[in-house]
Structures are given as structure tokens and as C-alpha cells.
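Here is the structure we will look at.
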Amino acid sequence: MSSSVDPCSRGIRDILFWFCLVILIGFALASKTRHFKWEVEYMHWAPDCIDNVVMGINGQFPGPTIRARVGDTIAVELTNKLHTEGVVIHWHGIRQFRTPWADGTASISQCVINPGETFVYRFKVDKAGTYFYHGHYGMQRSAGLYGSLIVDVAEGEKEPFHYQGEFNLLLSDWWHKSPHEQEVDLSSKPFRWIGEPQSLLINGRGQYNCSLDAHVSNTSSSPCKFRGNEQCAPQILHVQQNKTYRLRVASTTSLASLNLAIGVRKP
Ligand SMILES: *[C@@H]1O[C@H](CO)[C@@H](O)[C@H](O)[C@H]1NC(C)=O
Ligand SMILES: *[C@@H]1O[C@H](CO)[C@@H](O)[C@H](O)[C@H]1NC(C)=O
Ligand SMILES: *[C@@H]1O[C@H](CO)[C@@H](O)[C@H](O)[C@H]1NC(C)=O
């Protein structure tokens with residue numbers, strides 16, 4: 001700094017400098033980049049207690065939940081560990097302003113990520129809400145490639161309603177036939193209808209036939225009472241009387257159109 005500057009303008013310059021610094025730090029703290037490293041891979045799983053194969057992310061089915069705040073940047077470094085097919089992920093409901101290439105639609109916004117390749121999805125989330133993501137190549141949504149994406153209101157902002165707790169429900173449909181077999185059926189001439197799904201899943205869990213699944217139950221006389229740690233054990237939502245809960249619901253079904261109802265058992 002030159003010594004010829006008069007002390008008054010120097011003082012103003014210092015104030016401006018600190019003012020800008022505080023604003024920049026404020027922005028940096030308020031919006032973050034959230035990094036994720038994902039590997040997409042087929043794996044053995046029993047979503048409805050019947051052994052099968054699902055498309056998982058980092059060994060999880062459904063894929064990991066992404067949670068972010070309005071203004072955040074999501075950066076997902078995705079490696080395709082499938083040996084014989086490409087993959088893309090579509091971020092359902094995210095508007096992708098200025099990042100159309102991150103929309104994840106095969107052959108429209110990008111070429112598929114080939115086996116062994118890595119692609120980084122980087123995009124901003126600009127609206128609070130409950131979203132989901134899913135594979136958008138071939139029948140990959142039916143293969144179980146999906147998960148939740150939750151965007152909270154910006155730091156310092158309030159939700160328009162009050163609640164003491166929240167639950168996230170990801171609903172999906174599940175067939176015992178492989179997605180490849182489903183695809184051949186649906187595109188064959190004459191057309192072969194694949195029928196209704198064998199099971200409906202909540203957060204990737206369902207029961208196909210309680211009688212068949214007695215072997216995972218702790219009592220043979222009361223089927224579908226699970227010990228609690230099976231892959232298909234029901235999702236239990238623990239609630240307390242007189243409290244208000246928010247249910248975040250997203251349907252990633254590939255075919256079924258669902259109604260969700262909450263049963264009330266009278267005491
Ligand atoms: C469920 O399994 C039991 C026992 O094998 C069988 O008797 C019953 O018909 C099955 N129900 C359905 C809907 O598949
Ligand atoms: C079955 O599991 C339930 C819930 O964990 C438990 O209360 C019950 O005692 C168990 N029954 C048997 C026979 O193990
Ligand atoms: C819930 O509210 C009802 C009605 O106001 C009341 O009778 C009951 O005691 C409350 N229960 C608990 C656990 O607070």
C-alpha cells in the first residue's frame with residue numbers, strides 16, 4: 001500500500017475490504033458443494049424376501065439418500081461397475097438450470113457411462129422439496145436403481161408448517177423376472193404383457209407371500225413377523241401420540257400407479 005494515500009480513504013478501503021470478505025465468507029458458508037462417490041453394481045438381494053438380483057449403489061439398495069440445502073451444488077462421481085451395460089442417472093424434478101448435461105437421460109443429454117468409466121454429475125438444487133433419482137437407461141429403474149434426494153430450505157429460512165419429526169417413504173414396484181426378460185417381453189411381437197408386479201416395496205422392502213416367507217419369521221405360526229434385520233423386514237415408523245410428523249413420499253414405480261393410505265387401528 002502506498003504511503004501517499006491519505007489515511008481517510010485508506011480507512012474506507014479497509015472497511016470495504018472487510019465488508020466484501022464477510023459477504024464472500026457468508027456465501028461460502030451458506031451454499032456448499034456436497035460430494036458423493038458412487039459405484040453402481042448388480043448384487044444379490046431379497047427385496048421381498050425372495051432371493052434376486054438388484055442394481056445397487058455402493059452395496060446399498062435403494063441407493064443412498066442425498067440431503068442438501070437450497071443453493072447447494074451436488075457433485076456425484078459415478079463409476080459404472082456393471083460389466084455388460086452402460087448407465088446414467090436422472091435427477092427427477094431438478095431443473096438443471098445451466099447444467100443440461102447433468103440431466104442424466106441416455107442418448108438425449110449424454111452418452112451412457114460405459115462399464116469401467118466414471119462421470120461426474122454436478123448440478124445445483126434451487127428449490128426445496130422431496131425428489132428422487134433413478135437410472136434412465138433401458139430398464140434400470142425396474143432393476144432397482146433409485147434413491148431419494150431431499151432438498152431443505154435455505155439456511156435461516158423456515159418451512160411453512162411445523163412438525164416434530166419426519167419420515168421418508170420411497171415406493172416402488174418389483175418383479176421377479178429380470179429386467180432383461182421384462183424388456184424382451186414388452187418389445188416382442190406379439191407383445192407379451194409382464195403382468196402386475198409381484199411386490200410393492202417401501203424403502204426397498206416388501207413381502208411377496210407371507211406363507212412362503214415363514215422361514216425368515218421368528219415364529220412359524222405367525223408368518224411375516226420378522227426379527228427385524230432381514231433385507232425385507234418391514235419399515236417401521238416409530239411415532240408418539242399427539243406429535244406431528246411429515247411424510248415425504250416419492251414413487252419410483254416403473255409401471256404401477258399407487259394409492260398410499262394410512263390405516264388406523266382403533267384401540
Ligand atoms: C403363498 O405360499 C403358500 C405356501 O407355499 C401357498 O399355499 C399360497 O398359495 C401362496 N399364495 C400366493 C398368493 O402365492
Ligand atoms: C418374535 O419377535 C418379536 C419382536 O422382536 C418378539 O417380541 C417375540 O418374543 C419373538 N418371538 C419368538 C418366539 O421368538
Ligand atoms: C394427546 O392428546 C389428547 C387430547 O388432547 C390427550 O387426552 C392425551 O392425554 C394426549 N396424549 C399424550 C401422550 O400426550
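Atoms within each ligand, like the ligands themselves, are counted from 1 in listed order. The basis for the numbers below is simple: all heavy atoms, side chains too, and nothing from hydrogens, waters or symmetry mates.
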Check: Just wondering, more than 12 heavy atoms not from Glu159 lying within 6.0 Å of its CD?
Finding: yes
Item checked: Sub-4.0 Å protein heavy atom next to atom 11 (N) of ligand 3 -> yes
Notebook entry, point to check: Between Glu166, His162, Gln164, which is the residue that forms a side chain to side chain contact (heavy atoms under 4.5 Å, CB included) with Arg246?
Noted result: Glu166
Next item on the list: State plainly whether the residues Arg248 and Asp152 are in salt-bridge range, i.e. N to O under 4.0 Å.
Entry: yes
Note to self: For atom 6 (C) of ligand 3, what's the nearest protein heavy-atom neighbour? Residue, atom name and distance, please.
What the structure shows: Asn242 ND2, 4.1 Å
Notebook entry, point to check: Less than 6.0 Å separating the ring centroids of Tyr245 and Phe167?
Noted result: yes
Checklist line | Protein contact of atom 13 (C) of ligand 3 - nearest heavy atom, named by residue and atom, plus distance | finding: Gln241 OE1, 3.4 Å
